[in-house]
Amino acid sequence: SLQQQLADHRQPAPSAAARAAERSERIAAALQALSPEHREVVTLTQFAGLSPSELAEHFGRSPDAVRMLLGRALVRLHQELARQGLGPTE
């Protein structure tokens, strides 16, 4: 039926789903390779959406100090992602 074809079309191909799962595992591994503080600041900004002022309050630091912490954490995450084989075009 047309409805079934449309439903099938929306489902990712098994190989695409496997690639997505592998990519998610590599991202999780890269995050786990960060120090706890770096992992926390990345998680709070990228996934929880906290602002620099909210992060400053959370960490008990100035917004500038938190921005520096986040910058270092993102550099480290980028290095870990590259080590996991996930470059900017992945």
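In what follows, every heavy atom counts, from backbone to side chain, and hydrogens, waters and symmetry copies are set aside.
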### Message
Please report the interatomic distance CD1(Ile27) to CD(Glu25), rounded to the nearest 0.5 Å.
### Response
10.5 Å
### Query
Does any N or O in the side chain of Arg39 come within less than 3.5 Å of the main-chain N or O of Leu34, such that one atom is a donor and the other an acceptor?
yes
### Query
Does the side chain of Arg26 come within less than 4.5 Å of Leu81's, by heavy atoms?
no
### Message
Check this for me: does any side-chain nitrogen of one of Glu80 and Arg83 sit under 4.0 Å from a carboxylate oxygen of the other?
### Response
yes
### Task
Would you kindly say whether Ser51 and Glu54 are connected by a side-chain donor-acceptor distance under 3.5 Å?
yes
### Query
To the nearest 0.5 Å, how far apart are CG in Leu69 and OG in Ser35?
7.5 Å
#### Entry: Residue pair Pro52 / Val66: nearest heavy atoms and the distance that separates them
O-CG1, 4.3 Å
### Message
Going by the rule side chain to side chain contact (heavy atoms under 4.5 Å, CB included), which residues pair with Gln79 if we only count those two or more places apart in sequence or in a different chain?
### Response
Val75, Arg76
### Task
Over all heavy atoms of both residues, which pair between Ala56 and Ser62 is shortest? Give the atoms and the distance, please.
CB-C, 3.8 Å
### Query
When rounded to the nearest 0.5 angstrom, what distance separates CG in Leu70 from CG in Leu77?
10.0 Å
### Euclidean distance, Leu31 CG relative to Phe47 CZ, rounded to 0.5 Å
5.5 Å
### Glu40 side, atom CD; Leu55 side, atom CG - distance, nearest 0.5 Å
9.0 Å
